[in-house]
Amino acid sequence: MSTWTIGSAAITRVEEQLGITNRPCEDYFRNFERDVLARHLDWLVPEHYCAQQDRLVTSVHSWLVRLDGLTILIDSCGGNHKERSWAHRFHQLDTPYLERLRAAGAAPEDVDLVLCTHLHADHVGWNTMLRDGRWVPTFPNAKYLFSRTDDAYWDKRKNPAMADDPRHLAYEDSVLPVVQSGQAVLVDDGYDVTSKLAVEAAPGHSPGHVVFRLADAGQRAVFCGDVLHHPLQVYAPHWNHAADEQPEQAAVSRRKLLESCAEHSALLFPIHFGAPHVAAVEHRAEGFVPRFVRGVG
Ligand SMILES: [Zn+2]
């Protein structure tokens, strides 16, 4: 398990899944360009692209952040035993995610904060677990931070159109039980999680998508959720993912994020990049370039 250090914060990757995507490249990105893939094959294989199957390789993981005595979990993967008919990669999973979290040093009761960048199924799954036939919060002592805009979008009580979208099930089994237990905090752009960790709106992939910006002792990181899905998007920020709800806005947020990472030397901590999972961003004349940063361990 790899750990990165930003100022006094220690950040450990907790894996749920790593492997090929379940759709062809042309479906994974709406405006995929095969020549961009071909140009970068030398470093893409095998961590980011599987040539035999012609599929991109992606990860699904959480970031476990230890900061000033707090134990913080950022995005909670797909979760176990969840009905996900629209996303086979997340349907009825049975993974040892909680064992891995324990191996990283955090039992469920140790987690103080769960931060979700947005409310898609692969970012909220471990928010809850099945106990006696009911979905209950996995982290009994945690406050869970959800974007207020995303909450209003995915909750069919607030947005009746969502009742016809099967994906609202992820809200029902992985967000609503947390709201009902009183552990949810709805946040907006500019909310300070701590004096070192702030919420910033980055809409597009979902209407209320947010990123979490960490700054400590002159070092910076951005937990950017699904503003980017794959390192090739650093070279091709105009590529939109199939699940980007608002593609034009998603591309604007992606470009803005890359720009700010390059300007402030902030490391990018996405949720779906293959190994080594974390990258700095350089802005050169020809465009943005990722520079991977390996963790320790
Ligand atoms: Zn995702």
Side-chain angles (χ1 to χ4, degrees), residues 13-25 27-30 32 47-48 55-64 73-80 82-91 93 95 97 114-128 144-147 149-151 153-154 165-171 173-175 199-212 222-234 237 239-247 249-251 253-254 257-258 268-275 277-279:
R13 173 179 173 269
V14 181
E15 180 176 299
E16 182 182 69
Q17 312 179 39
L18 180 65
I20 59 166
T21 59
N22 54 12
R23 39 182 145 188
C25 304
D27 293 344
Y28 192 76
F29 289 118
R30 294 168 202 241
F32 179 75
E47 305 290 3
H48 308 282
R55 294 283 171 93
L56 297 168
V57 171
T58 61
S59 171
V60 181
H61 55 248
S62 300
W63 296 113
L64 177 67
L73 191 67
I74 301 185
D75 283 342
S76 65
C77 304
N80 276 359
K82 303 216 155 157
E83 196 66 22
R84 300 291 184 248
S85 56
W86 70 95
H88 295 302
R89 202 176 176 188
F90 302 102
H91 183 62
L93 293 181
T95 73
Y97 173 87
V114 178
L115 313 183
C116 294
T117 55
H118 62 297
L119 303 185
H120 280 164
D122 56 325
H123 296 255
V124 298
W126 276 107
N127 285 359
T128 59
Y144 290 66
L145 270 56
F146 303 135
S147 148
T149 306
D150 247 27
D151 177 79
Y153 182 74
W154 294 102
D165 187 330
R167 296 177 302 163
H168 83 270
L169 272 181
Y171 185 91
D173 62 34
S174 301
V175 179
V199 175
E200 183 179 295
H205 179 64
S206 74
H209 192 295
V210 297
V211 299
F212 301 101
V222 187
F223 300 93
C224 64
D226 284 1
V227 175
L228 293 100
H229 285 75
H230 192 276
L232 273 182
Q233 281 177 296
V234 178
W239 286 6
N240 283 311
H241 185 262
D244 286 347
E245 311 278 336
Q246 302 159 324
Q249 184 57 55
S253 290
R254 196 174 304 118
L257 175 71
L258 291 170
L268 213 50
F269 283 77
I271 292 295
H272 298 306
F273 277 24
H277 312 291
V278 171

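Remember, it's 1-based here, ligands and their atoms both numbered in the order they're listed.
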Original post:
Would the W239 and F29 ring centres measure less than 6.0 Å apart?
Top reply: yes
Original post:
Does any N, O or S atom in H272 come within less than 2.8 Å of the Zn ion (ligand 1)?
Top reply: yes
Subject >> Aromatic ring proximity, centroids under 6.0 angstrom, F273 and H230 >> reply: no
Original post:
Any side-chain donor paired with an acceptor under 3.5 Å for H120 and E245?
Top reply: yes
**OP:** Identify the heavy atoms of N127 and C116 that sit nearest to each other, and give their distance.
**Re:** ND2-SG, 3.7 Å
Subject >> Among the N, O or S atoms of D226, the one nearest the Zn ion (ligand 1) >> reply: OD2
Original post:
To the nearest 10°, how many degrees is the angle H123 NE2 to the Zn ion (ligand 1) to D122 OD2?
Top reply: 100°
